[in-house]
Trainee: 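One structure follows; several queries about it will come next.
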Amino acid sequence: DQQVKQNSPSLSVQEGRISILNCDYTNSMFDYFLWYKKYPAEGPTFLISISSIKDKNEDGRFTVFLNKSAKHLSLHIVPSQPGDSAVYFCAASGRGSQGNLIFGKGTKLSVKP
Amino acid sequence: DTGVSQNPRHKITKRGQNVTFRCDPISEHNRLYWYRQTLGQGPEFLTYFQNEAQLEKSRLLSDRFSAERPKGSFSTLEIQRTEQGDSAMYLCASSLGQTGSTRQYFGPGTRLTVT
């Protein structure tokens with residue numbers, strides 16, 4: 001049973017507009033969440049993270065929102081740029097898990113010029 | 001910061017052969033992780049070291065898989081008697097800290113193809 005779900009396999013956005021990527025989780029023990037970006041033939045690159053004691057974290061064009069009651073988080077990219085085109089993975093880590101990350105299946109973002 | 005490096009980047013082997021991959025983490029990082037990624041899936045956790053001690057193993061890590069991290073520096077992942085189902089991208093990550101709430105830095109991965 002998947003503990004971290006990214007229900008949209010792909011998303012297409014126009015350059016300059018907002019990209020919103022969504023992620024749901026089922027395990028209430030998760031207390032740390034991360035977003036990674038992955039280009040083909042490369043390893044995942046860290047984007048942004050959020051602890052469960054917060055509901056928002058912002059870093060430049062990237063903002064992550066956490067709704068603990070709904071067990072939902074989202075990544076907002078504003079404005080979207082063609083270089084943002086990649087696969088985005090949501091990951092979660094829980095208390096007592098020693099830090100291994102549980103990943104979703106990813107969402108492929110395409111930003112069109 | 002030279003980043004996490006992995007060698008080789010690609011490996012093609014015949015079924016039944018043994019293969020070994022190497023991961024060099026960021027030098028001051030005490031934690032080292034191995035993940036496996038197959039097509040259309042996110043990375044799946046295999047095993048984790050804190051310094052030289054292997055502290056956790058996933059049920060995905062069958063007895064054909066073994067990992068080591070001698071002296072708490074680089075790590076090796078060996079797969080014995082490879083099977084076609086072992087074909088995947090093998091990712092290594094490292095982090096610094098004593099808890100799970102830390103960012104993991106990933107290497108470029110080793111793509112294994114078993115024919």
Side-chain angles (χ1 to χ4, degrees), chain A residues 1-10 21 23-25 27 29-54 57 59 62 64 66 75 86-108, chain B residues 1 3-10 21 23-26 29-51 53-61 67 89-111:
Chain A
D1 186 29
Q2 266 207 303
Q3 297 186 73
V4 177
K5 300 178 184 179
Q6 293 177 257
N7 292 320
S8 298
S10 63
L21 296 98
C23 177
D24 297 293
Y25 62 96
N27 190 337
M29 295 295 286
F30 289 150
D31 59 5
Y32 185 61
F33 304 89
L34 309 90
W35 284 94
Y36 282 85
K37 178 170 74 173
K38 187 178 185 301
Y39 295 116
E42 294 184 12
T45 301
F46 171 81
L47 271 178
I48 192 167
S49 63
I50 188 166
S51 165
S52 61
I53 62 173
K54 295 185 175 181
N57 189 25
D59 184 1
F62 303 93
V64 56
L66 176 62
L75 174 68
V87 178
Y88 289 77
F89 290 98
C90 170
S93 177
R95 282 187 291 270
S97 78
Q98 298 294 335
N100 61 279
L101 299 176
I102 310 296
F103 284 84
K105 291 187 176 184
T107 297
K108 184 175 183 180
Chain B
D1 179 357
V4 178
S5 62
Q6 292 186 247
N7 287 288
R9 293 291 307 274
H10 303 274
F21 311 140
C23 171
D24 287 90
I26 293 171
H29 284 186
N30 58 333
R31 294 184 162 203
L32 187 148
Y33 303 82
W34 285 99
Y35 292 84
R36 181 175 73 184
Q37 185 177 19
T38 54
L39 197 61
Q41 303 293 319
E44 295 174 292
F45 169 75
L46 291 178
T47 190
Y48 140 72
F49 292 84
Q50 177 147 327
N51 301 312
Q54 189 173 15
L55 295 187
E56 192 174 351
K57 296 182 190 179
S58 161
R59 57 180 172 77
L60 292 176
L61 209 70
M89 174 76 84
Y90 289 85
L91 294 162
C92 175
S94 70
S95 69
L96 180 65
Q98 299 300 319
T99 73
S101 300
T102 55
R103 164 183 171 182
Q104 293 183 19
Y105 296 75
F106 282 82
T110 295
R111 179 164 295 284

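The chains referred to below are lettered A, B, ... by the order of the sequence lines, with proteins before strands, and numbering in each begins at 1.
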Trainee: Is Lys108(A) in contact with chain B via its backbone, its side chain, both, or neither, using a 4.5 Å heavy-atom distance?
Mentor: neither
Trainee: Not counting sequence neighbours, which residues clear side-chain contact (heavy atoms from CB on, under 4.5 Å) with Asn51(B)? List them please.
Mentor: Asn30(B)
Trainee: If you round to the nearest 0.5 Å, how far is CG of Leu91(B) from CD of Glu42(A)?
Mentor: 11.5 Å
Trainee: If we ignore hydrogens and angles and just use 3.5 Å, is the side chain of Arg103(B) paired with the main-chain N or O of Leu34(A) as donor and acceptor?
Mentor: no
Trainee: Heavy-atom distance under 4.5 Å to chain B: side chain of Tyr36(A), backbone, both or neither?
Mentor: side chain
Trainee: As an exercise: rank Pro44(A), Gly104(A), Gly43(A) by heavy-atom pairs under 4.5 Å with chain B and give me the winner.
Mentor: Pro44(A)
Trainee: Counting heavy-atom pairs under 4.5 Å to chain A, which of Met89(B), Arg9(B), Gln37(B), Arg111(B) comes out on top?
Mentor: Gln37(B)
Trainee: To the nearest 0.5 Å, how far apart are CG in Asn100(A) and CZ in Arg31(B)?
Mentor: 9.5 Å
Trainee: By side-chain contact (heavy atoms from CB on, under 4.5 Å), which residues pair with Asn57(A), not counting sequence neighbours?
Mentor: Ile48(A), Ile50(A), Val64(A)
Trainee: Can you name the nearest heavy-atom pair linking Tyr35(B) to Leu101(A), along with the distance?
Mentor: OH-N, 3.0 Å
